[in-house]
Amino acid sequence: MENFTFYSPTLFAFGKERENETGSYVKRFGGSKVLIVYGGGSVIRSGLLERVKTSLEKESLEYILLGGVKPNPRSGFVYEGIELCKKENVDFVLAVGGGSTIDASKAIAAGVVYDGDFWDFYCGKYIENALPIGTILTIAAAGSEGSPDSVITHENGMLKRGATGDAIRPRFSILNPALTQTLPTFQTACGITDIMAHLYERYLTNTTEVEVTDRMIEALMLTMIHEGPRVIEDPNNYETRANIMWAGMMAHNNSCGVGRSQDWNSHNIEHELSALYDCAHGAGLAVTMPAVFTYVCQHDVKRFAQVAVRVWGCQMDFYHPEVTAKAGIEALRSFLISIGMPKNFAELGAKEEDIPYLVDTLCNSNGRDGSINGFVTLSEEDCKKIYQLMV
């Protein structure tokens with residue numbers, strides 16, 4: 001296990017109707033004038049936005065609204081939010097929605113207190129300062145409600161890139177599983193896939209002797225395998241929604257990733273798909289992960305065999321561990337298909353003729369040097385072959 005520092009100060013208010021306490025938490029963490037960031041009309045139609053406003057008013061807090069966050073949030077929206085915050089002297093950013101809304105809010109919060117272009121943070125600059133952020137989660141998926149991370153797509157070149165910094169960890173996050181019960185089945189399945197990806201990205205490590213976090217990751221994977229089919233069958237099952245929501249947070253606040261190297265190649269490869277085709281991130285990961293894992297399996301067959309046995313219930317073939325490893329990858333693929341995820345480029349809406357463009361943008365933009373690094377360092381040729389496995 002490697003040396004690590006773990007800092008996760010977010011307060012989590014979990015359970016039914018906790019959104020009615022929003023105002024008290026904003027005040028507790030120093031907010032007086034709030035930018036409420038949200039997406040489309042669902043938070044309005046459900047009455048959630050009105051409940052949040054009422055809670056803020058109860059605490060005599062001012063607020064302004066900024067709606068219109070899209071999936072795979074764009075840089076233009078972030079610039080708009082930064083200017084609005086500066087104009088209105090906002091001192092707290094409140095995200096009401098899913099990962100896209102939270103990621104956009106984080107970018108706005110960081111950009112307001114920065115003299116340069118917020119995009120600098122998405123080109124590798126660490127986020128040192130930001131306005132305080134709170135979240136009210138409406139979909140269990142990205143884990144942004146507990147993480148120091150944000151992903152934004154820049155409209156100039158459609159580059160989808162991530163930024164990080166403890167300054168953008170939310171001060172509080174309100175997690176009411178009931179808010180996710182009205183989600184379409186496809187969105188729920190995309191969220192489950194994203195959670196599984198966050199777990200695999202940490203499981204694929206070159207660090208040895210990390211049994212504690214291995215076991216934590218495996219437990220969360222088993223939870224998702226158990227709860228995934230249940231929530232697809234009964235979307236109104238509150239307890240299932242609750243387990244998925246808390247697993248989603250645990251999967252990405254990095255408590256499962258400390259002391260070990262991590263991968264993130266699947267995410268990097270998928271980001272090019274959702275940037276170019278505007279597909280759902282989880283759907284893109286469902287096609288990407290099995291292809292990446294198949295391609296890099298030989299790098300550490302025993303690790304893939306271990307997860308196959310411990311999580312997917314495969315039988316260990318001690319003479320041919322690669323057989324067990326591949327069985328585990330196929331079990332993952334089958335699970336994702338069973339909950340309604342796409343299995344190839346065609347079902348995702350991607351095009352084989354775009355592979356050269358995808359590879360070039362992936363490996364050479366934003367100062368990259370012709371490769372991406374993770375569990376395995378992948379060259380342009382490697383990435384081309386992985387995309388071809390998805391066709």
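Being a predicted model, the structure only gives us computed values, none of them experimental.
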With no hydrogens and no angle check, just 3.5 Å: does a side-chain donor-acceptor pair link [X] and [Y]?
{"X": "Lys70", "Y": "Ser100", "answer": "no"}
{"X": "Asn89", "Y": "Lys33", "answer": "no"}
{"X": "Tyr79", "Y": "Asp117", "answer": "yes"}
{"X": "Glu270", "Y": "Ser274", "answer": "yes"}
{"X": "Asp317", "Y": "Thr324", "answer": "no"}
{"X": "Asp91", "Y": "Ser32", "answer": "yes"}
{"X": "Asn129", "Y": "Tyr114", "answer": "no"}
{"X": "Gln181", "Y": "Asn236", "answer": "no"}
{"X": "Asn254", "Y": "Gln262", "answer": "yes"}
{"X": "Ser173", "Y": "Thr135", "answer": "yes"}

Are the side chains of [X] and [Y] in touch, meaning some heavy atoms are under 4.5 Å apart?
{"X": "Glu59", "Y": "Ser24", "answer": "yes"}
{"X": "Met289", "Y": "Leu336", "answer": "yes"}
{"X": "Ile355", "Y": "Gln388", "answer": "yes"}
{"X": "Leu276", "Y": "Leu358", "answer": "yes"}
{"X": "His198", "Y": "Asp194", "answer": "yes"}
{"X": "Tyr122", "Y": "Ser150", "answer": "yes"}
{"X": "Met390", "Y": "Lys343", "answer": "no"}
{"X": "Tyr38", "Y": "Ile44", "answer": "yes"}

Assess whether atom [atom1] of [X] is packed by more than 12 heavy atoms of other residues, nucleotides or ligands within 6.0 Å.
{"X": "Lys53", "atom1": "NZ", "value": "yes"}
{"X": "Glu17", "atom1": "CD", "value": "no"}
{"X": "Lys27", "atom1": "NZ", "value": "yes"}
{"X": "Glu211", "atom1": "CD", "value": "yes"}
{"X": "Glu352", "atom1": "CD", "value": "no"}
{"X": "Tyr7", "atom1": "OH", "value": "no"}
{"X": "Gln315", "atom1": "CD", "value": "no"}
{"X": "Asn156", "atom1": "CG", "value": "no"}

Nearest non-hydrogen partners of [X] and [Y], listed with the distance:
{"X": "Ile139", "Y": "Gly98", "answer": "CG2-CA, 3.2 Å"}
{"X": "Gly67", "Y": "Phe77", "answer": "O-CE1, 3.4 Å"}
{"X": "Phe121", "Y": "Ala163", "answer": "O-CB, 3.2 Å"}
{"X": "Leu285", "Y": "Ser266", "answer": "CD2-O, 4.0 Å"}
{"X": "Gly228", "Y": "Ile192", "answer": "CA-CD1, 3.7 Å"}
{"X": "Val34", "Y": "Val90", "answer": "C-CG1, 4.3 Å"}

Check the pair His299, Phe375 against ring pair (Phe, Tyr, Trp, His ring centres under 6.0 Å), reporting the backbone distance first and the verdict last.
CA-CA 8 Å; His299 175 69; Phe375 184 54; 4.7 Å; yes
Test your reading of the model: is there a side-chain donor-acceptor pair from [X] to the backbone of [Y], 3.5 Å cut-off?
{"X": "Asp354", "Y": "Tyr357", "result": "no"}
{"X": "Glu330", "Y": "Lys326", "result": "no"}
{"X": "Arg171", "Y": "Tyr25", "result": "no"}
{"X": "Asp369", "Y": "Asn364", "result": "no"}
{"X": "Tyr203", "Y": "Asp263", "result": "no"}
{"X": "Ser144", "Y": "Ile102", "result": "no"}
{"X": "Arg230", "Y": "Thr240", "result": "no"}
{"X": "Thr207", "Y": "Ser261", "result": "yes"}
{"X": "Ser75", "Y": "Glu155", "result": "yes"}
{"X": "Ser105", "Y": "Thr101", "result": "yes"}

So if you build clusters from Ile, Leu, Val, Met, Phe, Trp, Tyr with side-chain heavy-atom gaps below 4.5 Å, do [X] and [Y] land together?
{"X": "Val151", "Y": "Leu159", "result": "no"}
{"X": "Leu183", "Y": "Val43", "result": "no"}
{"X": "Met245", "Y": "Leu220", "result": "yes"}
{"X": "Leu49", "Y": "Leu61", "result": "yes"}
{"X": "Val78", "Y": "Ile64", "result": "yes"}

With rounding to the nearest 0.5 angstrom, report the [atom1] to [atom2] distance, [X] to [Y].
{"X": "Ser147", "Y": "Ile168", "atom1": "OG", "atom2": "CD1", "answer": "7.0 Å"}
{"X": "Met224", "Y": "Asn243", "atom1": "CE", "atom2": "CG", "answer": "9.5 Å"}
{"X": "His271", "Y": "Thr361", "atom1": "NE2", "atom2": "OG1", "answer": "14.0 Å"}

Which residue is it: Asp103, Asp278, Thr153? I am looking for the one with a side-chain hydrogen bond (donor to acceptor under 3.5 Å, both in side chains) to Asn72.
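Testing Asn72 for a side-chain hydrogen bond (donor to acceptor under 3.5 Å, both in side chains) against Asp103, Asp278, Thr153 leaves exactly one candidate, Asp278.
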Exactly one of Thr138, Thr54, Asn176 should register a side-chain hydrogen bond (donor to acceptor under 3.5 Å, both in side chains) with Glu19. Which one does?
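Testing Glu19 for a side-chain hydrogen bond (donor to acceptor under 3.5 Å, both in side chains) against Thr138, Thr54, Asn176 leaves exactly one candidate, Asn176.
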Using a 6.0 Å distance limit plus a 45 degree cone around the ring axis, check whether Lys16 lies over the aromatic ring of Tyr238.
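Because its charged atom sits under 6.0 Å from the ring centre and within 45° of the axis, Lys16 does stack over Tyr238.
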State which residue, out of Trp264, Phe293, Trp312, fulfils the ring-ring contact (aromatic ring centres under 6.0 Å, His included) condition with Tyr200.
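Single ring-ring contact (aromatic ring centres under 6.0 Å, His included) partner of Tyr200 among Trp264, Phe293, Trp312: Phe293.
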N-O pairing of [X] and [Y] below 4.0 Å:
{"X": "Asp214", "Y": "Arg260", "result": "yes"}
{"X": "Arg169", "Y": "Asp166", "result": "yes"}
{"X": "Glu272", "Y": "Arg161", "result": "yes"}

Steps toward side chain to side chain donor-acceptor pair (under 3.5 Å) verdict (Asp149, Thr164):
CA-CA 4 Å; Asp149 306 314; Thr164 192; 2.8 Å; yes
Derivation of the ring pair (Phe, Tyr, Trp, His ring centres under 6.0 Å) call for Trp246 and His252:
CA-CA 10 Å; Trp246 192 241; His252 202 44; over 10 Å; no
